[in-house]
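Any value given below was found using the heavy atoms of this structure, including those in side chains, with hydrogens, waters and symmetry copies removed. Quantities reported herein were computed from a predicted structural model and do not represent experimental measurements.
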Amino acid sequence: MRSRSDRSRVLDSAARGLSVLRSVYRSGDPKQLAEVSAETGIDKAGVLRALSTLSSEGIIRRDPATGGYLPDMRAWIYLMPSVQPGLSFVAAVQAALDRLSEATEVTAGMVLPAGPRTTAAAMWSEPRTAMHYDAARAPSSAPLHATAPGKCLLAWMSEAELDQYLAHPLERMTRRTITSLVRLRRELARVRRTGYATHVGELSAGVCGLALPVHTTDGTVRGALTLAIPGDSVEGYADSLLPALRRAQEDVSRLLGYEAWAEFVRQADGAHPAMMSPWDTPDPGFGEGPVRPVRSIARMIRLVAAVLRQPRGVSVREVARQRGLEKTTAWRLLNTLVAGDVLWQDGPQRRYRVSPRFWLRQSPILRTATSLNRLVEEVLRRVAAATEATAVLVLPDREMRHSVVCRFALPPTPLCFHPEN
């Protein structure tokens, strides 16, 4: 439970919208309203309002065939010029996982919290050996107490957070899953003492795990690196695999730090032109409709888009001025996004930036968006070369009132129209 002072820092309606958005983005298949409600614990009426607002902002879309909700890839086409630091960061983490998988000859993964009681794998790397754990078979989410990465998160929780987790029944996944509170507390004490966690057939039969926590420079545990080992035992594996796992732990923990992120930002400076985005429009004014949208969710989406375009970070004052918000409202929206792990406040000036963990969570979407972006750019280049004219991709803004130049390609001629001039 959040304290009263914590609640005053965030906007609950925006936080609920963020939970709904995460639920939709967590699955590759269309998500039904009832599924989102069950996952988030928000009543169906609240979920419907959040889904309708996110749809109107172009962040998700409704699949006409199933009626479920999916990420809207058009949003990522708009955002792609602003995500170069995130792409570089994700590539660096993936490289660390690839090195770990190659060194250990088993499947390596980066696992993050997916809610108060579950984890989800953000990234996997599989070795070239014939026998290894197939990451495609991994569950989309798993209870914390049933996996090695989840035990890492539990072991370094505060006592209050751990007590809250243990207040609920421990779900049994297999016959080996620990469901005894005494046994689990004893296991977590061992994890804290040794620094690593294991699971042996506790999530699914025939698969073991070895994990180390990933933390930032202040010691806060942000996730875990894990090795998935086929078999029914980790005996004899831990001693040989831990050195490589610890090297990867150091690499990824360093990448999560402010100095490493600042370097990604410096490398990306000037790499992409600053194009207009559909979220540059004024504070949304909603008309009458069958479902009343949630203004705070729309404001939150536009605020994230604004921060994405400022990889060096923004202050509360800058956000309030850019978005035409009261400073208190801007501050509460920013802190809602910090609490939701979308933004962080780091560095000497304590400015708000997009959190590296946000990029890790979005890595599957980023891969798809990057492929789509390359395809769009290639088509535009071919059109420009064939016609000797500037080829432009134009999409409508959120209110469907204005056109927005999203991408363009210049022809190989000395005189041509440039959309930015």
- Task: Supply the atom-to-atom distance I178 CD1 to L188 CG, rounded to the nearest 0.5 angstrom.
- Result: 8.0 Å
- Task: Mind listing the closest non-hydrogen atom pair of G195 and P213 along with its distance?
- Result: O-CD, 3.6 Å
- With side chains defined as the heavy atoms from C-beta onward, is the minimum distance between W344 and V354 less than 4.5 Å? no
- Query: For L303 and V319, what are the C-alpha separation, side-chain angles and deciding distance, and is it a side-chain contact (heavy atoms from CB on, under 4.5 Å)?
  - Reply: CA-CA 7 Å; L303 190 153; V319 166; 3.6 Å; yes
- Query: Heavy-atom count around Q32 CD within 6.0 Å, excluding the residue itself: above 12?
  - Reply: yes
- Message: Measuring only between side-chain heavy atoms, which start at C-beta, is V214 closer than 4.5 Å to V111?
- Response: no
- Message: Under a 4.0 Å threshold between the charged nitrogen and the carboxylate oxygen, would E35 count as salt-bridged to R26?
- Response: no
- Could you walk me through whether R312 and R266 pass the side-chain contact (heavy atoms from CB on, under 4.5 Å) test, one step at a time? CA-CA 9 Å; R312 293 186 178 275; R266 282 193 293 270; 3.8 Å; yes
- Using atom types as modelled and distance alone, determine if a side-chain donor or acceptor of S37 lies under 3.5 Å from a backbone N or O of L33. no
- Query: Rounded to the nearest 0.5 Å, how far does OH of Y165 lie from CG of L184?
  - Reply: 7.5 Å
- Query: Would you call E250-R247 a salt bridge at under 4.0 Å N-O?
  - Reply: no
- Task: Decide yes or no on side-chain contact (heavy atoms from CB on, under 4.5 Å) for S23 and T40, but give the supporting numbers first.
- Result: CA-CA 7 Å; S23 176; T40 61; 4.1 Å; yes
- Message: Quick one: does any side-chain atom of R222 pair with a main-chain N or O of H215 as donor and acceptor, under 3.5 Å?
- Response: no
- Message: Just verifying a value: how many Å separate E202 CD and R176 CZ, rounded to the nearest 0.5 Å?
- Response: 8.5 Å
- Message: Check K31 with E39, please: is the shortest side-chain N to carboxylate O separation under 4.0 Å?
- Response: yes
- Task: For the pair S363 (side chain) and L360 (backbone), establish whether a donor and an acceptor sit closer than 3.5 Å, ignoring hydrogens and angles.
- Result: yes
- Query: Is the shortest distance from a Lys or Arg side-chain nitrogen in E105 or R128 to a carboxylate oxygen in the other one below 4.0 Å?
  - Reply: no
- Begin from the C-alpha positions of L162 and R185 and carry the test side-chain contact (heavy atoms from CB on, under 4.5 Å) through to its verdict. CA-CA 10 Å; L162 181 58; R185 284 190 177 275; 3.8 Å; yes
- Query: Is the backbone of T198 close enough, under 3.5 Å, to the side chain of K151 for a donor and an acceptor to pair up by distance?
  - Reply: yes
- Message: Could you check whether T177 and R172, counting side-chain N and O atoms only, form a donor-acceptor pair closer than 3.5 Å?
- Response: no
- Item | Flag, side chain of E161 to backbone of S158, donor-acceptor distance under 3.5 Å | yes
- Got E259 and R254 here, is their nearest side-chain heavy-atom distance under 4.5 Å? no
- Tightest non-hydrogen contact, residues A228 and V106, listed as O-CB, 3.8 Å
- Under 4.5 Å between any side-chain heavy atoms of V10 and D12, yes or no? yes
- Closest non-hydrogen atom pair, R190 against Y196: NH2-O, 3.5 Å
- Only one of I297, I42, L48, V294 clears side-chain contact (heavy atoms from CB on, under 4.5 Å) with V20; which? I42
- Task: Considering only NZ, NE, NH1 and NH2 on the basic side and carboxylate oxygens on the acidic side, decide whether R246 and D239 come within less than 4.0 Å.
- Result: no
- Item | Shortest non-hydrogen contact from E126 toward S101 | C-OG, 3.3 Å
- Task: Check the angle between the aromatic planes of W261 and W359 and answer parallel, tilted or perpendicular using the 30° and 60° thresholds.
- Result: parallel
- On a heavy-atom basis, the closest approach of P143 and M173 is CG-SD, 3.8 Å
- Query: Counting only N and O atoms by type, is there a donor-acceptor contact under 3.5 Å from the side chain of T174 to the main-chain atoms of L203?
  - Reply: no
- Query: For the atom pair CG (L21) and OH (Y69), what is the distance rounded to the nearest 0.5 Å?
  - Reply: 13.5 Å
- Message: Tell me whether the count of non-hydrogen atoms from other residues, nucleotides or ligands lying under 6.0 Å of CZ in R317 goes above 12.
- Response: no
- Got a donor-acceptor contact below 3.5 angstrom from the T104 side chain to the L241 backbone? no
- Task: Spell out, as yes or no, whether a donor-acceptor pair under 3.5 Å connects the side chain of R353 to the backbone of L343.
- Result: no
- Note on the structure: For G58 and A75 the tightest heavy-atom approach is O-CB, 3.3 Å
- Check whether any side-chain heavy atom of M110 lies under 4.5 Å from a side-chain heavy atom of W124, and answer yes or no. no
- Message: Between R62 and G67 (side chain of the first, backbone of the second, donor and acceptor by atom type, cut-off under 3.5 Å), is there such a pair?
- Response: yes
- Item | S13 and R49, any side-chain heavy atoms less than 4.5 Å apart | no
- Query: Could you give the distance from SG (C152) to CZ (R192), rounded to the nearest 0.5 Å?
  - Reply: 11.5 Å
- Query: Is it true that a side-chain atom of S125 and a backbone atom of A108 form a donor plus acceptor pair closer than 3.5 Å?
  - Reply: no
- Message: If you define the side chain from C-beta out and look only at heavy atoms, does anything of T118 sit under 4.5 Å from L144?
- Response: no
- Query: Just how far is it from atom CD of E57 to atom CG of L54, taken to the nearest 0.5 Å?
  - Reply: 8.0 Å
- Query: With side chains defined as the heavy atoms from C-beta onward, is the minimum distance between F358 and D341 less than 4.5 Å?
  - Reply: no
